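Note sheet for the following structure.
We name chains A, B, ... by the order of the sequence lines, and we start the count at 1 in each one. Since this is a predicted model, take the numbers as computed values, not measurements.
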Amino acid sequence: MAKAPVLTPQGTDFPRWYQDVLAKAELADNGPVRGTMVIRPYGYGLWERMVAEVDARIKDAGAENAYFPLFIPESYLTREAEHVEGFSPELAVVTHAGGKELEEPIVVRPTSETVIGEFMAKWIQSHRDLPLLLNQWANVVRWELRTRLFLRTSEFLWQEGHTAHATEVDAAAYARQIHLNVYQDFMENVLAMPVFIGRKTKQERFAGAVNTLACEAIMRDGKALQMATSHELGQNFAKAFDITYQGVDGTQQMAWTTSWGSSTRMVGGLIMCHGDDNGLRVPPRLASTQVVVMVIRDDEGVVDAATALAAELKAAGVRVRLDARTDTSFGRRATDWELKGVPVRVEVGPRDLANGEVTVVRRDTSEKQQTTVARLASTVPALLEDIQASMLAEATAFRDAHTVEVATVDEARDAAQTGFAKIAWSTLGTDGEAMLARDAITVRCIQRPDGTIPETEDEPGNIAIVARSY
RNA sequence: CGGGGUGUGGCUCAGCUUGGCAGAGCGCUGCGUUCGGGACGCAGAGGUCGUGGGUUCAAAUCCCGCCACCCCGACCA
């Protein structure tokens with residue numbers, strides 16, 4: 001029964017494979033307006049779990065959620081020179097409303113530094129008001145020239161944090177704390193995606209920032225994806241929006257601000273980091289459905305047994321779903337769950353049941369094993385953790401196998417055809433960066449030899465990680 | 001914006017060169033047999049062929065205009 005593959009194999013055409021997964025796993029559709037995205041329930045479920053995990057970490061870091069308007073006066077954007085220069089080409093601007101042309105055009109937020117800056121200025125009077133730690137979950141609009149579902153859409157969902165601090169040191173420390181304790185921790189421990197962390201070069205920096213930190217992950221086609229960024233904004237926005245406070249000594253001081261964000265792009269990263277030729281693979285800690293209990297056929301007692309097992313698993317703290325759709329063939333349903341990447345399938349059929357057993361299949365390795373009905377619920381939680389760990393290990397091994405240390409710009413160019421290249425920043429420099437840019441290769445981040453974030457770009461020994469990217 | 005391409009049932013596309021009853025696969029509906037890896041048989045539903053004009057006895061097909069989308073490049077979470 002050699003059927004045509006459900007998906008275009010990754011090795012045949014990776015972008016096509018990605019499109020196929022989005023469609024077949026029912027993750028997203030193109031919206032009616034160019035570059036927009038409809039996120040389907042299963043895809044949105046992945047995002048909701050990301051939101052829950054990231055939000056909890058943000059709160060642990062002391063920030064509070066708030067909400068600022070979608071519409072921003074155009075004049076706000078122009079107050080910070082680099083910011084307006086960076087964003088104006090991709091702004092969506094409202095010029096008419098209520099049947100009339102507006103006196104001042106309204107910008108649909110591409111990011112909220114400006115409005116939030118305006119209100120920070122209002123709310124901050126004293127050093128006692130600092131630090132002010134805000135976050136918002138919102139949609140933003142950036143009129144990108146080329147779009148791809150989840151990776152780059154005209155409108156996307158994200159979280160944007162904005163903070164104000166009394167000192168530069170405090171601001172820098174907070175941006176770093178978010179980067180490590182929220183982003184890196186979430187990506188490695190929940191998404192099972194290893195990330196390189198480091199500083200962006202001046203070329204790659206956020207418009208208006210004095211320092212940008214990034215998390216860079218490798219996709220299965222060897223290209224890099226920026227998964228999140230944290231920015232030190234220095235006093236650029238504080239000056240533009242007059243965010244000042246009275247210090248302990250009674251003098252007026254200018255605040256130091258940060259901003260940091262992660263978006264629905266992470267869903268795309270998850271797909272391209274873990275997906276294989278059979279579909280998506282969702283790490284258990286993220287999965288909204290960790291285990292699906294499948295009724296193979298509606299024979300005597302099978303549905304009852306499966307229902308009882310699902311209830312037992314739920315009681316054991318497992319996010320479980322029962323699939324008793326016996327009007328659809330077993331093969332079809334098994335394929336569908338595989339496409340959706342549910343970490344574990346428990347197959348309940350009369351044959352196994354006669355021996356008091358069920359079949360447990362793990363999605364990451366396709367490995368099947370028999371387990372007794374009695375032991376299932378007690379063994380699944382450990383199995384899920386095992387899958388989580390081996391997915392991170394596999395992704396890390398893949399990244400390391402596709403990361404090479406090189407000594408020259410030419411070698412870096414070659415290596416970037418298949419993955420990441422590490423090259424001494426002192427060797428590459430801005431000249432080398434410009435040379436690589438001609439071949440669409442960019443510096444993803446600069447880090448210390450031990451993989452940590454350097455204090456400055458020019459620390460001796462700094463390594464540049466270069467790659468092609470999304 | 002520069003270069004290339006495509007618009008035909010829900011999806012992927014064939015048909016266009018050489019005008020002559022609008023097709024295939026998948027999906028969908030019903031019935032039956034199935035059900036341990038995308039089941040099978042039979043019977044069905046579903047399309048103003050992107051759009052406006054022109055040529056013609058006759059246009060998906062030829063001609064002209066317009067629109068949309070896709071791919072490659074410059075921009076980006």
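Comparing the P positions of B/G47 and B/G10 gives an interatomic distance of 8 Å, to the nearest angstrom. Using C1' as the reference atom, B/U48 and B/G41 are 35 Å apart when rounded to the nearest Å. With both ends at atom C1', the span from B/G38 to B/G27 equals 13 Å, rounded to whole Å. Going from the C1' atom of B/G9 to that of B/G3 covers 34 Å, rounded to whole Å. The separation of B/U12 from B/A22, taken at their P atoms, amounts to 24 Å, rounded to a whole angstrom. Between B/A58 and B/G54, the two C1' atoms lie 15 Å apart (nearest whole Å). B/C21 and B/C49 are spaced 15 Å apart, taking the C1' atom of each and rounding to whole Å. Comparing B/U34 with B/C40, their C1' atoms are spaced 8 Å from each other, to the whole Å.
A/Thr359 comes within 4.0 angstrom of a nucleotide base, judged by non-hydrogen atoms across all strands. Within 4.0 Å of A/Ser262, counting heavy atoms only, lies no atom of the nucleic acid at all. The residue A/Arg325 sits apart from the nucleic acid: no heavy atom pair falls under 4.0 Å.
The stretch residues 292-299 of chain A touches RNA chain B through A/Ile296, A/Arg297, each having a heavy atom within less than 4.0 Å of the strand.
Residue pairs meeting the side-chain hydrogen bond (donor to acceptor under 3.5 Å, both in side chains) criterion with at least one member in residues 39-52 of chain A, sequence neighbours excluded: A/Arg49-A/Glu53. Among residues at least two apart or in separate chains, side-chain hydrogen bond (donor to acceptor under 3.5 Å, both in side chains) pairs with a member in residues 65-81 of chain A are A/Asp55-A/Asn65, A/Asn65-A/Asn135, A/Tyr67-A/Arg109, A/Ser75-A/Glu104, A/Tyr76-A/Glu118, A/Arg79-A/Glu118. Applying the side-chain hydrogen bond (donor to acceptor under 3.5 Å, both in side chains) test to pairs two or more places apart or on separate chains, those with a residue in residues 431-440 of chain A are A/Thr201-A/Glu433, A/Arg413-A/Asp439.
Atom-to-atom, CG of A/Leu225 to C1' of B/A77 comes out at 9 Å; the value is rounded to the nearest Å. One atom, CD1 of A/Ile441, and another, C1' of B/A74, lie 17 Å apart when rounded to the nearest Å. Distance, A/Asp323 CG to B/G36 P: 13 Å, rounded to whole Å. Between the CZ atom of A/Arg333 and the C1' atom of B/G36 there is a distance of 11 Å, given to the nearest Å. One interatomic measurement links the two molecules: CG of A/Asn30 to C1' of B/C11, which rounds to 13 Å at whole-angstrom precision. Taking atom NZ of residue A/Lys24 and atom P of nucleotide B/G37, one finds them 20 Å apart after rounding to whole Å. B/G27 atom C1' lies 12 Å from atom CD of A/Glu26, rounded to whole Å. Rounded to whole Å, the distance from CD on A/Glu90 to C1' on B/A74 is 13 Å.
Ion pair A/Asp276/A/Arg363 flagged as a salt bridge, since at least one NZ, NE, NH1 or NH2 atom sits closer than 4.0 Å to an Asp/Glu carboxylate oxygen. Here A/Glu216 pairs with A/Lys200 in a salt bridge; the nearest charged N to carboxylate O distance falls below 4.0 Å. Note on A/Arg199 versus A/Glu457: no salt bridge recorded, every NZ/NE/NH1/NH2 to OD/OE distance being 4.0 Å or above. With respect to the salt-bridge test (charged N to carboxylate O, under 4.0 angstrom), the residues A/Arg345 and A/Glu347 qualify. Ion pair A/Glu394/A/Arg281 flagged as a salt bridge, since at least one NZ, NE, NH1 or NH2 atom sits closer than 4.0 Å to an Asp/Glu carboxylate oxygen. Remark: A/Asp386 engages A/Arg362 in a salt bridge, criterion side-chain N to carboxylate O under 4.0 Å.
Among the nucleotides B/A39, B/A77, B/G37, the one closest to any side-chain atom of A/Ser329 is B/A39. With B/A77, B/G36, B/G38 as the candidates, the nucleotide lying closest to the side chain of A/Ser263 is B/A77. Taking the side chain of A/Ala334 as heavy atoms from C-beta on, and the options B/G37, B/U12, B/G36, the nearest nucleotide is B/G37. Which of B/C76, B/G37, B/G27 sits closest to the side chain of A/Arg142 comes down to B/C76. Side-chain proximity of A/Glu144 to B/G36, B/C75, B/G37: nearest is B/C75. The A/Thr229 side chain lies nearest to B/A77 when the options are B/G36, B/A77, B/G27.
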Which pairs of donor and acceptor atoms, one on a side chain in residues 83-91 of chain A, lie under 3.5 Å apart (sequence neighbours left out)?
{"from": "A/His83", "atom 1": "ND1", "to": "A/Ala207", "atom 2": "O", "distance (Å)": "3.1"}
{"from": "A/Ser88", "atom 1": "OG", "to": "A/Val84", "atom 2": "O", "distance (Å)": "2.8"}

Candidate pair A/Leu27 and A/Ile271, rule side chain to side chain contact (heavy atoms under 4.5 Å, CB included), full reasoning: CA-CA 10 Å; A/Leu27 297 170; A/Ile271 297 166; 3.6 Å; yes
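Scanning atom types as modelled, no donor and acceptor separated by under 3.5 angstrom connect the side chain of A/Asp336 and the base of B/G38.
Between A/Arg332 and B/G27, a side-chain N or O to OP1/OP2 separation shorter than 4.0 Å is present.
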Which nucleotides of RNA chain B pair, in dot-bracket form (Watson-Crick or G-U under 3.5 Å, | meaning another strand): (((((((..((((......[..)))).((((((.....)))))).....(((((..]....))))))))))))....
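Side chains of A/Thr36 and A/Ser154: no donor on one and acceptor on the other come within 3.5 Å.
The aromatic ring of A/Phe330 does not sit over the base of B/G36; the criterion of centres under 5.5 Å apart with planes under 30° is not met.
Nearest-nucleotide mapping onto RNA chain B: of A/Gly349 and A/Thr147, the residue sitting toward the 5' end is A/Gly349.
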